[in-house]
Amino acid sequence: MKLDKKDILRALELITVPGEGQNMVESGAVKNIMIFGDEVEVDIVISNPSLQARKKTEVEILKIIHKEVYEKAKIKINIKVDAPVKPKTNEIKGKPIPGIQNIIAVASGKGGVGKSTVTANLAVTLAKMGFKVGVLDADIYGPSMPIMFDVAQEKPLAVNINGKSKMKPVESYGVKLLSIGFFTQRDQAVIWRGPMASKALNQMIFDAHWGEIDFMLLDLPPGTGDIHLSIMQAMPVTGAVVVSTPQEVALADARKGVAMFQQDSINVPVLGIIENMAYFTPEELPDNKYYIFGKEGAKNLAQDLKVPFLGDIPLVQSIREAGDIGRPAALQDDTVVQLAFEEITKNVVQETVNRNTNIPPTEAIKITTMAGCSAVKKK
Ligand SMILES: Nc1ncnc2c1ncn2[C@@H]1O[C@H](COP(=O)(O)OP(=O)(O)OP(=O)(O)O)[C@@H](O)[C@H]1O
Ligand SMILES: [Mg+2]
């Protein structure tokens, strides 16, 4: 039997890429097809780095070519992973974080601009794309992940791993979750100092059984203070995403947020800026956009600071409602909100890949004065 490239392509078009709604050929995953008699060699690029995803892709390709083209074809598949490449040593000296590939901090400067909303929606979108996702709610002042994921009543269980007792993250919508909110009373005001907060966060990272995680999202508290420094000290953050509304006061704080990550002593790469509440669209007038907080402020800020712009999210009632109900709005199929988060999530993945390709892993920072946080130095 003489094999034909076109037949192979047609067969591969029957394989859909999870989370993208495209087939393997459309998505550009098929890089090359070579035919030698009854042998086919296929070069594929996939974005999901897990072994499972590779195996699954291989099996699908084998099956479909055997079924659709020629059952005796000899097939060789070369898979290249073009996504969150693993930083060379993602670890704090002496404290490796086994299994966790990328830690992404979501920050803002100003409070209430939508960090937690963005974190939750990014998380479920990444999970839908096939990544293994964890969320660490580091907002010690007002943890909101348990509510946004509808698990406020749950408590992490203890599991025994190699004779050690570890916390098992709570799971919701395919996302693993730990929050300081699981350990405090809902209406109890907790006064945290930097070192206490970093100790609690440390435990949630190192004394928890996360398993394999491609993306760990960190929902940070608002501001650019002492607590942020403690968090950066507690773990090697791969990159930061800064959320802002287009409003002047929010932009000023976002600028500080970016500056905080970029200062020499912290030096966490900023993956980009997200504009939240970019415009309001009433349900009954879907084509109208009202720029309540100003137009493209965060986009312009990104340009000004020469950091990537990751996309914008409209102000819509369903986002707020979804947050309160505990089912992130991006899970609602075929909505403007879902599309917006898909676009942003793809950009975050891409910027993470760029970052990991171009810059060495982040080192944890160390506070070097007894007085606390005024002077910091890289380890
Ligand atoms: N695009 C949006 N459309 C409608 N409501 C939104 C949107 N983004 C966020 N909200 C709502 O605004 C409120 C604040 O959002 P969120 O809690 O995510 O902000 P935050 O930056 O995490 O706040 P904090 O600084 O207190 O941690 C929430 O009630 C949320 O549901
Ligand atoms: Mg928040």
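When reading the values below, keep in mind they use all heavy atoms of this one structure, side chains included, and skip hydrogens, waters and symmetry mates.
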#### Entry: Of Thr345, Leu331, Val133, Val135, the residue whose pairing with Val124 passes side-chain contact (heavy atoms from CB on, under 4.5 Å)
Leu331
### Message
Is it the case that the side chain of Arg355 and the backbone of Leu271 share a donor-acceptor pair, with hydrogens and angles ignored and the cut-off at 3.5 Å?
### Response
no
## Note on the structure
salt bridge (Lys or Arg N to Asp or Glu O under 4.0 Å) pairs touching residues 139-168, sequence neighbours excluded, are none
### Message
side chain to side chain donor-acceptor pair (under 3.5 Å), that's the test. Do Glu351 and Asn347 meet it? Break it down for me.
### Response
CA-CA 6 Å; Glu351 289 306 327; Asn347 290 335; over 6 Å; no
### By side-chain hydrogen bond (donor to acceptor under 3.5 Å, both in side chains) - contacts of Asn300 (at least two apart)
none
### Query
Would Leu62 end up clustered with Leu9 when hydrophobic side chains under 4.5 Å apart are linked, directly or stepwise?
yes
### Flag, side chain of Thr245 to backbone of Asn276, donor-acceptor distance under 3.5 Å
no
### Task
Sort and list the pairs that fulfil ring pair (Phe, Tyr, Trp, His ring centres under 6.0 Å) and have at least one residue in residues 268-298, not counting sequence neighbours.
Tyr279-Tyr291
## Note on the structure
Sequence neighbours excluded, the answer for side chain to side chain contact (heavy atoms under 4.5 Å, CB included) partners of Ala138 is Leu201, Leu218, Leu220, Ile231
### Query
Which pair of non-hydrogen atoms, one from Lys5 and one from Ile35, has the smallest distance, and what is that distance?
N-CD1, 3.4 Å
#### Entry: Contacts of Asp333 that satisfy side-chain hydrogen bond (donor to acceptor under 3.5 Å, both in side chains) - sequence neighbours left out
Gln338
### Query
Can you name the residues that form a salt bridge (Lys or Arg N to Asp or Glu O under 4.0 Å) with Glu41, not counting sequence neighbours?
Lys76
### Message
I'd like to know if the side chain of His209 reaches the main chain of Asn160, judged simply by a donor and an acceptor atom lying under 3.5 Å from each other, with no hydrogens or angles considered.
### Response
no
### Query
Can you pull the salt bridge (Lys or Arg N to Asp or Glu O under 4.0 Å) pairs that have at least one residue in residues 290-312, sequence neighbours excluded?
Arg255-Asp304
When the side chains of residues 320-328 are checked against the rest of the protein, which donor-acceptor pairs come out under 3.5 Å, sequence neighbours left out?
from: Arg320; atom 1: NH1; to: Asp324; atom 2: OD2; distance (Å): 2.9
from: Glu321; atom 1: OE2; to: Gln317; atom 2: NE2; distance (Å): 2.9

### Task
Please list all pairs passing the salt bridge (Lys or Arg N to Asp or Glu O under 4.0 Å) test where one or both residues lie in residues 238-253, with sequence neighbours left out.
Asp253-Lys256
In residues 113-121, what donor-acceptor pairs under 3.5 Å come from side-chain atoms, sequence neighbours left out?
from: Lys115; atom 1: NZ; to: Ser108; atom 2: OG; distance (Å): 3.0
from: Ser116; atom 1: OG; to: Ser144; atom 2: OG; distance (Å): 3.0
from: Ser116; atom 1: OG; to: Asp219; atom 2: OD1; distance (Å): 3.4
from: Ser116; atom 1: OG; to: Asp219; atom 2: OD2; distance (Å): 2.7
from: Thr119; atom 1: OG1; to: Lys115; atom 2: O; distance (Å): 2.7
from: Asn121; atom 1: OD1; to: Ala329; atom 2: N; distance (Å): 3.1
from: Asn121; atom 1: OD1; to: Ala330; atom 2: N; distance (Å): 2.8
from: Asn121; atom 1: ND2; to: Thr117; atom 2: O; distance (Å): 2.8

### Query
Who else is in the cluster with Val159 when I, L, V, M, F, W and Y are joined by side-chain contacts under 4.5 Å?
Ile161
### Message
Does anything in residues 57-69 form a side chain to side chain donor-acceptor pair (under 3.5 Å)? List the pairs, not counting sequence neighbours.
### Response
none
